[in-house]
2 protein chains.
Amino acid sequence: MKGKTDKKLEQKNIKPTAMRQLVYEILEKQKKALSLYEIEQQFDNVERSTIFRTLKTFQDNYLIHSIDDGTGAVKYALCDDDCTCKPDDLHIHFLCNKCGQTHCMKDMPVPKMDLAEGFSFENANFVVKGICPNCR
Amino acid sequence: MKGKTDKKLEQKNIKPTAMRQLVYEILEKQKKALSLYEIEQQFDNVERSTIFRTLKTFQDNYLIHSIDDGTGAVKYALCDDDCTCKPDDLHIHFLCNKCGQTHCMKDMPVPKMDLAEGFSFENANFVVKGICPNCR
DNA sequence: AAAACTTTGCAATACTGTTGCACGTACTTA
DNA sequence: TAAGTACGTGCAACAGTATTGCAAAGTTTT
């Protein structure tokens with residue numbers, strides 16, 4: 001019988017290799033978004049580039065989304081099951097200025113803005129920074 | 001008689017050296033936000049690190065603000081005269097996915113969000129991406 | 001003009017992300 | 001099942017941006 005992880009991967013047309021299962025489970029276990037480096041730390045002897053490509057595959061298949069929170073390292077977090085990373089799926093992210101953790105605020109969609117004449121909207125990145133509940 | 005640039009710099013307590021005047025004028029001339037590299041290109045033989053430190057000085061004194069638009073290079077743009085880079089001064093930035101130029105939407109403040117219990121708001125980065133009027 | 005401080009240039013380095021290549025595993029098909 | 005093909009992984013090298021230490025040059029103060 002196939003595991004839950006395998007099903008999730010196959011749902012998004014990703015062949016479930018050992019590596020991919022592990023990376024997926026690391027992301028699932030965390031409530032927060034993780035950087036490539038942070039994921040790498042969870043392994044003993046795995047190549048950065050392998051994880052990098054695993055994340056790229058995940059991203060290409062809408063299993064995860066990436067967040068540039070301004071800390072210098074891109075972070076990654078699981079998408080919702082039905083997410084296709086379209087504008088309507090966008091949500092706000094919160095970076096704690098103290099602990100550096102980045103959280104997905106999945107219940108807070110990125111507000112639609114009325115742009116000036118001639119500007120079209122394709123995508124957005126909205127990161128709110130402050131102090132998280134754990135750090136006060 | 002002192003030039004306009006000197007006054008602007010002194011208004012923000014920045015000693016107006018030749019380098020600083022030039023960097024300021026480059027930023028002023030442009031409508032858009034510029035990366036360190038783009039500024040470097042406007043000179044013949046100036047050190048990256050010097051510009052870097054010049055920009056840092058400008059930023060520490062609220063003369064410019066930096067924008068991380070997700071392109072990998074931080075960009076810089078002049079603040080309004082009375083800006084102190086507090087939450088109320090924040091505005092949206094627009095990155096054109098075609099030409100890569102980043103514009104300050106100074107008339108569009110970053111919307112205040114009601115964060116979940118326990119999260120405090122200190123700062124925000126809101127970048128909207130799409131196609132700009134020049135590229136359609 | 002000497003001392004103290006600031007700014008600049010050079011060189012080196014850190015960090016993150018990214019790619020080429022070779023090897024091995026898994027899948028396909030005859 | 002054996003040969004052929006496609007895919008995934010590890011290693012190594014590299015690219016781009018940001019950043020720092022140090023010394024020389026310039027500026028301000030006394």
Side-chain angles (χ1 to χ4, degrees), chain A residues 2 5-6 9-10 12-27 33-61 63-77 95 100-102 125 127, chain B residues 2 5-6 9-10 12-26 33-61 63-77 95 100 102 125 127:
Chain A
K2 276 194 182 166
T5 300
D6 283 14
L9 293 176
E10 285 172 352
K12 304 270 183 168
N13 296 310
I14 299 165
K15 191 168 27 159
T17 67
M19 190 71 241
R20 288 170 181 173
Q21 288 166 11
L22 290 171
V23 172
Y24 179 88
E25 279 159 15
I26 287 171
L27 285 169
L34 295 175
S35 67
L36 175 52
Y37 179 76
E38 286 169 323
I39 296 171
E40 197 185 345
Q41 292 303 300
Q42 310 246 352
F43 290 96
D44 268 345
N45 271 316
V46 177
E47 254 306 298
R48 212 194 341 290
S49 62
T50 303
I51 302 175
F52 172 76
R53 284 190 261 226
T54 299
L55 292 170
K56 188 162 183 348
T57 301
F58 283 5
Q59 208 173 176
D60 290 345
N61 291 282
L63 179 63
I64 62 174
H65 58 280
S66 64
I67 307 124
D68 182 345
D69 61 9
T71 56
V74 175
K75 291 179 180 166
Y76 303 89
L95 168 67
Q101 293 193 0
T102 298
N125 182 35
V127 178
Chain B
K2 276 192 181 165
T5 300
D6 283 15
L9 293 176
E10 285 171 352
K12 303 270 184 168
N13 296 309
I14 299 164
K15 192 164 32 156
T17 67
M19 189 72 240
R20 289 170 182 172
Q21 289 165 8
L22 290 170
V23 172
Y24 178 87
E25 280 159 14
I26 287 170
L34 295 176
S35 67
L36 176 50
Y37 179 77
E38 287 168 321
I39 296 171
E40 197 185 346
Q41 293 302 300
Q42 310 246 351
F43 291 97
D44 267 346
N45 269 317
V46 177
E47 255 302 299
R48 210 189 349 284
S49 63
T50 302
I51 302 175
F52 173 74
R53 285 190 261 228
T54 299
L55 293 169
K56 188 163 184 343
T57 302
F58 284 4
Q59 209 174 175
D60 290 345
N61 291 282
L63 180 63
I64 63 174
H65 57 279
S66 64
I67 307 123
D68 183 345
D69 62 8
T71 56
V74 175
K75 291 181 182 166
Y76 303 89
L95 168 67
T102 298
N125 182 35
V127 179

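Reminder, nothing fancy here: chain letters follow the sequence lines and each chain counts from 1.
Residue F52(A) has its side chain nearest to dT18(C) when only dT18(C), dT17(D), dG9(C) are considered. Distance from the side chain of V46(A) is smallest to dG10(D) among dT8(C), dT17(D), dG10(D). Of the candidate nucleotides dG17(C), dT8(C), dA18(D), dG17(C) has the atom nearest to the side chain of R48(A). Set against dG17(C), dG10(D), dC10(C), the side chain of E47(A) has dG10(D) as its closest nucleotide.
Side-chain contact between L9(B) and T57(B): absent, with no pair of heavy atoms (C-beta onward) separated by less than 4.5 Å. Residues V127(B) and D68(A) fail the side-chain proximity criterion, which asks for heavy atoms closer than 4.5 Å. Contact check for F43(A) versus V23(A): side-chain heavy atoms found under the 4.5 Å cut-off.
Atom C1' of nucleotide dG9(C) and atom CG of D44(B) are separated by 16 Å, given to the nearest angstrom. As a whole-Å value, the separation of I51(A) CD1 from dT18(C) P is 14 Å. One atom, CE of M19(B), and another, P of dA24(D), lie 22 Å apart when rounded to the nearest Å. D60(B) has its CG atom 12 Å from the P atom of dT19(D), to the nearest Å. With rounding to whole Å, L22(A) atom CG is found 16 Å from dG8(D) atom P. Nucleotide dA18(D) holds its C1' atom 16 Å from the NZ atom of K75(B), rounded to whole Å. As rounded to whole Å, 12 Å separates atom C1' of dG26(D) from atom CZ of R20(B). One interatomic measurement links the two molecules: CD of E40(A) to C1' of dT9(D), which rounds to 14 Å at whole-angstrom precision.
Using a 4.0 Å heavy-atom distance criterion, R53(B) is classed as a base contact. S49(B) comes within contact range of at least one nucleobase, with a heavy-atom separation under 4.0 Å. Residue-level contact check: T57(A) touches neither bases nor backbone, having no heavy atom under 4.0 Å from any strand. Residue T50(A) is in base contact, counting any heavy-atom pair closer than 4.0 Å across all strands shown.
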Legend entry - L95(A)/K75(A) under side chain to side chain contact (heavy atoms under 4.5 Å, CB included): CA gap, chis, key distance, verdict: CA-CA 11 Å; L95(A) 168 67; K75(A) 291 179 180 166; 4.2 Å; yes
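Nearest heavy atoms, L36(A) versus R48(A): CD1-O, 4.0 Å. The shortest heavy-atom contact between P16(A) and Q21(A) is O-NE2, 3.4 Å.
At the phosphate of dT8(C), OP1 or OP2 sits under 4.0 Å from a side-chain N or O atom of T17(B). Considering only side-chain N and O atoms, S35(B) lies nowhere under 4.0 angstrom from the phosphate OP1 or OP2 of dT17(D).
The end-to-end axis angle of the helix from dA1(C)-dT30(D) to dA30(C)-dT1(D), rounded to 10 degrees and based on five pairs per end, is 20°.
Panel note: side chain N61(B), backbone L63(B); no donor-acceptor pair is recorded below 3.5 Å. R20(A) contributes no side-chain N or O that, together with a main-chain N or O of T54(A), makes up a donor-acceptor pair within less than 3.5 Å.
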